[in-house]
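Reckoned from all heavy atoms, side chains included, excluding hydrogens, waters and symmetry mates. Sequence positions, counted from 1, serve as the residue numbers for this chain.
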Amino acid sequence: MPEADEPDDEEEMPLSLRLSIADTLTLGNATCGFMAVYFTTTGILIPHLTGSQETGMARHSAATAVILMLCAAVFDLFDGLVARKLRSSPMGAELDNLSDLISFGLAPAYFVLVYGMVADDAHQRVAAVGAIVVLLAVVLRLARFSCVTVKDGTFQGMPSPFGALTVVSIVLLELPFVATLLAVLGTAWLMVSRVEYPKPRGRLAVAMLAWIVLSMGMLAAWAFDAPSGQLLLQTGCALQLVLGAVIPLFATARRVNNFRDNRREARAAQLP
């Protein structure tokens with residue numbers, strides 16, 4: 001009698017379960033986001049709850065957490081570039097959204113929450129509301145990104161990596177609590193707005209990568225209490241906020257100019 005068919009152990013893995021190089025970079029993004037939460041907890045929150053007076057440890061942990069978010073942004077930048085150059089798996093888009101939710105939603109929201117617990121002039125419950133708003137803004141933005149098609153080369157609303165870095169920059173500036181909260185809420189609104197932001201491609205991608213590396217250097221100088229380290233940190237955070245505010249102004253001005261040009265063309269077409 002013919003032998004029964006045995007299961008083929010060497011059967012190829014289904015296409016939907018294979019990880020591409022871009023997917024591996026995306027998983028690196030998620031790992032950095034999780035570790036940012038870890039360092040925020042162990043280096044900032046727990047010493048505060050236990051009454052530790054080691055401010056240097058908190059500074060190092062805060063810098064490490066933000067540097068990890070910056071690393072997550074680098075992974076997010078390169079996984080898109082690699083996916084376009086090589087290929088991405090069928091689950092690449094889902095992996096990207098889930099990783100972005102961890103690194104640019106949970107991590108910065110948790111950073112705001114911990115700030116509300118450790119800062120002298122902060123109100124814990126109000127800061128918790130601000131953290132929830134940041135998290136929900138990223139959730140809504142990522143969901144809309146998966147459902148809405150926009151014109152090529154632009155994002156609708158502030159990209160979540162840029163928004164996350166803007167939120168932590170606001171916290172690191174150590175502004176009065178009300179100003180910090182309003183700026184955080186404004187950033188959350190920009191993430192779910194219809195303001196157009198350019199996608200980081202070509203020269204813009206290189207400029208973004210250079211800015212991330214420069215920001216890492218400023219954070220490292222601040223963490224190790226280098227000369228003028230505090231000034232470097234404040235300068236970098238202020239520049240991040242200026243970029244976050246200027247880009248929507250340019251986008252709005254361009255939209256107004258396009259509207260005026262269209263009206264002029266319509267009027268010219270109606271003339272005999």
Side-chain angles (χ1 to χ4, degrees), residues 26 29-30 32-33 36-37 40 65-66 68-70 72-77 79-80 93-116 126-151 153-173 175 179-201 204-205 208 211-212 215 237-252 254-255:
T26 303
N29 171 7
C32 288
V37 173
T40 303
V66 180
L68 284 166
M69 294 184 212
L70 289 167
V74 173
F75 279 118
D76 185 63
L77 174 65
D79 68 358
E94 298 299 329
L95 284 176
D96 189 59
N97 277 348
L98 293 172
S99 298
D100 286 353
L101 179 58
I102 297 172
S103 299
F104 312 125
L106 175 62
Y110 187 70
F111 201 80
V112 172
L113 178 66
V114 172
Y115 155 75
V126 180
V129 173
I132 292 172
V133 171
V134 171
L135 179 63
L136 294 181
V138 175
V139 171
L140 292 172
R141 171 177 168 67
L142 294 174
R144 187 179 66 182
F145 178 76
S146 300
C147 301
V148 177
T149 302
V150 297
K151 63 182 181 180
T154 61
F155 288 115
Q156 190 178 79
M158 179 184 285
S160 52
F162 194 87
L165 298 180
T166 303
V167 167
V168 297
S169 296
I170 293 168
V171 174
L172 291 175
L173 271 176
L175 300 171
T180 299
L181 182 64
L182 291 176
V184 167
L185 295 178
T187 304
W189 176 82
L190 284 174
M191 284 193 280
V192 296
S193 69
R194 297 182 181 274
V195 177
E196 293 182 352
Y197 284 76
K199 289 186 177 180
R201 295 178 180 176
L204 185 58
M208 180 179 176
W211 172 245
I212 290 174
S215 299
C237 292
L239 286 175
Q240 179 71 29
L241 265 65
V242 169
L243 288 174
V246 167
I247 293 177
L249 293 178
F250 275 114
T252 303
R254 184 176 61 180
R255 181 175 295 181

S.K.: How far apart are the closest heavy atoms of Ala73 and Ile212, and which atoms are they?
M.R.: CB-CD1, 4.0 Å
S.K.: Contact between Asp100 and Thr26 at the side-chain level, heavy atoms closer than 4.5 Å - yes or no?
M.R.: no
S.K.: Quick one, Ile102 and Leu98 - any side-chain contact, counting heavy atoms below 4.5 Å?
M.R.: no
S.K.: Say whether, by atom type as modelled, one donor and one acceptor occur between the side chain of Arg141 and the main chain of Ser193 under 3.5 angstrom.
M.R.: no
S.K.: So which heavy atom on Ala107 is nearest to which on Val37, and how close?
M.R.: CA-CG2, 3.9 Å
S.K.: What's the spacing between Trp211 CH2 and Leu243 CG if we round to 0.5 Å?
M.R.: 6.0 Å
S.K.: State, with a plain yes or no, whether a side-chain heavy atom of Asp79 is found less than 4.5 Å away from one of Leu95.
M.R.: no
S.K.: Please name the pair of heavy atoms, one in Tyr197 and one in Val195, separated by the smallest distance, quoted to 0.1 Å.
M.R.: CD1-O, 3.5 Å
S.K.: Decide side chain to side chain contact (heavy atoms under 4.5 Å, CB included) for Leu173 and Leu241; before the verdict, give the C-alpha distance in whole Å, the side-chain angles of both, and the deciding distance to 0.1 Å.
M.R.: CA-CA 10 Å; Leu173 271 176; Leu241 265 65; 3.8 Å; yes
S.K.: Judged by atom type as modelled, is there a donor-acceptor pair below 3.5 Å linking the side chain of Ser160 to the main-chain atoms of Val138?
M.R.: no
S.K.: Take Thr187 and Val134 through the side chain to side chain contact (heavy atoms under 4.5 Å, CB included) test and state the conclusion after the steps.
M.R.: CA-CA 8 Å; Thr187 304; Val134 171; over 6 Å; no
S.K.: Do you know which two heavy atoms are closest between Met191 and Arg144, and how far apart they sit?
M.R.: O-NH2, 3.6 Å
S.K.: Kindly give the heavy-atom pair with the smallest separation between Leu172 and Cys237, and that separation in Å.
M.R.: CB-SG, 3.8 Å
S.K.: Would you indicate whether the side-chain heavy atoms of Leu101 and Asn97 approach each other to under 4.5 Å?
M.R.: no
S.K.: CD1 of Ile170 to CG of Leu181: how many Å apart, nearest 0.5 Å?
M.R.: 10.0 Å
S.K.: Side chains of Asp96 and Asp76, heavy atoms from C-beta outward: is any pair under 4.5 Å?
M.R.: yes
S.K.: Can you give me the closest heavy-atom contact between Phe104 and Met69, atom names plus distance?
M.R.: CE2-O, 3.9 Å
